[in-house]
Amino acid sequence: MKVNQLCCFVLLLMMMALCDASRLINYFNKSPLKSIKSKDGDVIDCILLSEQPALDHPLLKDHQILMTPSYHPEGLKKLFNSRNDEKSITQLWQLAGRCPQGSIPIRRGKKEDGFFSVIKSFLQKDETNREKLSAGMELISQVKSYQSVASYAMGAYYGAKAIMNVWQPQLQQPNEYSSSQLWITENSFGSNQNTIQAGWHVNPELYGDARTRFFMHWTRDNFKSTGCYNLLCSGFVQITNEIVLGGSVFPLSNFNGSQSEISILIWKDPAQDAWWLEFGNTIVGYWPGSLLTSLAHYSSLIEWGALVLNKQSDGVQTSTQMGSGHFPQEGFKRASYMRNLEVIGSSMKLRPLNYLRTIARKSNCYDITVGENADWGNYIFYGGPGRNPSCP
Ligand SMILES: *[C@@H]1O[C@H](CO)[C@@H](O)[C@H](O)[C@H]1NC(C)=O
C-alpha cells in the first residue's frame with residue numbers, strides 16, 4: 001500500500017468511527033449472530049464464543065477455551081444443579097431476548113461512553129495504547145481523591161464470595177463514580193500489583209448513563225498499563241451466553257422496601273490455572289492464569305467494600321452517594337450490605353472468616369460496620385451520603 005493510500009485507509013476508518021461508533025464492535029469482532037436492543041439503550045451483540053475478544057490477547061494465541069471448572073468451592077453438585085435452575089432475570093437486557101448457546105453477549109460501545117476513545121486506538125490496532133487508554137480511567141481515580149470503606153482479610157486464599165444488595169447511588173456530577181465490590185489482590189502494594197475485582201457500579205464516564213451495572217476489572221501492574229473494565233480489552237474469557245459484563249442490573253433495591261441481591265464468587269482453579277467468576281448461579285468465565293503474575297497461585301488480600309470518586313475541587317467533599325446513600329447504622333432495607341462473606345482456604349472450600357478488619361477513611365462521610373450471625377455469616381453494612389454537616 002502506498003503512503004497516500006494508507007492515509008486514505010486510516011482516514012476512512014476514522015470517519016467510520018466518527019459516523020457510527022456503534023458499528024465498530026461488529027467491524028472488529030465479526031458480525032454478531034444476533035443483536036438485542038435492551039430497554040436501557042444498550043445494544044447487546046451475540047458473538048460466537050470462539051470469536052470473542054479474549055482470544056486476541058497475545059498471551060492467548062493458542063488458548064483452548066475451558067467450558068467448565070474442574071471444581072466448584074461449594075461442591076460439584078451445586079455446579080451441575082445450578083445448570084438446571086429456573087433462569088431468573090438479573091439484568092435488564094434479558095427482558096428483550098437471549099443469546100443462543102455457543103455465543104456470548106457483549107455490550108456494544110456507544111458514542112457517549114468512554115469506550116469510544118478506547119475504540120479509536122483499537123482502530124490503530126495498537127494493543128498497548130488501547131490498554132493504556134482504558135487503564136487510564138482507573139489511573140485518574142488513583143490520582144484524584146476517592147473515598148473508600150472496606151473490610152478485609154489477609155492470608156493465603158483461593159477465592160472469595162459475597163451476596164450484596166444492589167442500589168442506584170446518585171452522583172453529584174457525571175465524572176464521578178460509585179462502586180460496591182470485592183477485590184482479590186495481594187498485600188504488597190508494589191508497581192506490579194495484581195488485582196481482580198467484581199461488583200456493581202454507577203460510572204457514567206464508562207457507559208454514558210447513570211445506571212447500576214455489573215462490572216469486573218483486572219490488572220497485573222497496579223493499573224499502569226494492563227487490564228481494564230469488562231471486555232474492553234482482551235484477556236478475560238467469557239463462557240456464558242446469559243450475562244453481560246457491564247450490563248445493567250435488574251431489579252434494584254427499594255429504600256425501606258424490597259431488597260434485590262446479587263452474589264459474586266471468584267475462585268482459583270489450580271488444575272486449570274484459571275480464576276473463575278460466577279454471578280448468581282451463572283459461571284461468567286475466567287481469567288487465564290497466564291494473564292496474571294503474582295496472583296498466579298493465590299491471593300494474600302481479599303477486600304469487600306466500596307469506592308466513591310470525588311471530583312470536587314480541593315477539600316470539598318462530594319455528595320455522591322456510596323451504596324444506598326445511607327449510613328450502615330440505619331440497618332436492613334435502608335443501608336447497603338454484603339453478607340455471607342466467605343473465603344476459600346487450602347481446603348478449597350468456602351468458609352467464614354475468623355476475623356474481619358475494616359477501614360473507613362472518613363467515617364463521617366461514608367462508614368462501615370461488621371457483624372456475624374447464623375444466617376448471614378460474616379456481614380458488613382456500609383455506605384453513606386457523602387457531604388453532610390459533619391462531613392463538609
Ligand atoms: C419504613 O417502613 C416502616 C413500615 O412501613 C415505617 O413505619 C417507617 O417509618 C419507614 N421508615 C423510613 C425511614 O422510611
Side-chain angles (χ1 to χ4, degrees), residues 39-40 88-92 95 146-151 161-174 176-182 199-204 209-215 248-264 279-280 303-312 316-341 356-392:
K39 266 199 278 184
D40 53 20
S88 55
I89 299 288
T90 52
Q91 292 190 306
L92 197 62
L95 294 170
Y146 66 90
Q147 243 129 66
S148 60
V149 302
S151 55
K161 181 175 181 174
I163 298 172
M164 45 186 102
N165 63 353
V166 189
W167 300 88
Q168 186 169 26
Q170 301 297 308
L171 311 186
Q172 181 169 326
Q173 46 186 72
E176 298 185 319
Y177 68 69
S178 182
S179 79
S180 295
Q181 59 181 96
L182 62 91
W200 57 265
H201 66 181
V202 172
N203 189 335
D209 65 28
R211 288 182 180 272
T212 301
R213 293 169 180 274
F214 169 53
F215 80 98
S248 57
V249 179
F250 177 84
L252 301 177
S253 302
N254 291 303
F255 183 74
N256 210 20
S258 62
Q259 300 298 294
S260 172
E261 298 180 328
I262 61 171
S263 82
I264 292 177
F279 176 80
E303 295 179 80
W304 297 262
L307 264 183
V308 160
L309 174 62
N310 182 4
K311 287 279 190 80
Q312 306 312 306
V316 178
Q317 173 57 44
T318 178
S319 60
T320 286
Q321 298 176 330
M322 175 185 285
S324 68
H326 292 262
F327 282 113
Q329 292 74 14
E330 294 189 46
F332 184 57
K333 290 195 173 180
R334 291 174 287 275
S336 36
Y337 63 79
M338 297 189 192
R339 64 181 177 92
N340 300 97
L341 306 184
L356 195 56
R357 293 174 239 232
T358 61
I359 179 167
R361 293 183 187 189
K362 274 183 159 181
S363 57
N364 291 337
C365 310
Y366 308 105
D367 204 3
I368 181 167
T369 60
V370 291
E372 195 179 341
N373 68 30
D375 282 350
W376 278 27
N378 296 102
Y379 61 84
I380 56 173
F381 278 95
Y382 69 94
R387 188 171 193 170
N388 69 77
S390 46
C391 163

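Everything numeric in this text was worked out from a predicted model, so none of it was measured. Counting convention: from 1, in listed order, for ligands and their atoms alike. All residue numbers in this chain count up from 1 along the given sequence.
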Polar contact flag, side-chain donor to acceptor under 3.5 angstrom, Gln312-Glu176: yes

Without hydrogens or angle criteria, can the side chains of Tyr382 and Ser180 be said to hold a donor-acceptor pair below 3.5 Å? yes

Going through the distances and angles, do Thr212 and Trp167 end up as a side chain to side chain contact (heavy atoms under 4.5 Å, CB included)? CA-CA 7 Å; Thr212 301; Trp167 300 88; over 6 Å; no

Closer than 3.5 angstrom, by distance alone: can the side chain of Gln147 be matched with the main-chain N or O of Val308 as a donor-acceptor pair? no

Using the six-membered ring wherever Trp is involved, compare the ring planes of Tyr337 and Trp376 and label them parallel, tilted or perpendicular (cut-offs 30° and 60°). tilted

Do Arg361's NZ or CZ and the ring of Tyr366 fall within the cation-pi criteria of under 6.0 Å and 45°? no

Shell of residues surrounding ligand 1, defined by a 4.0 angstrom heavy-atom cut-off that is strict: Asn256

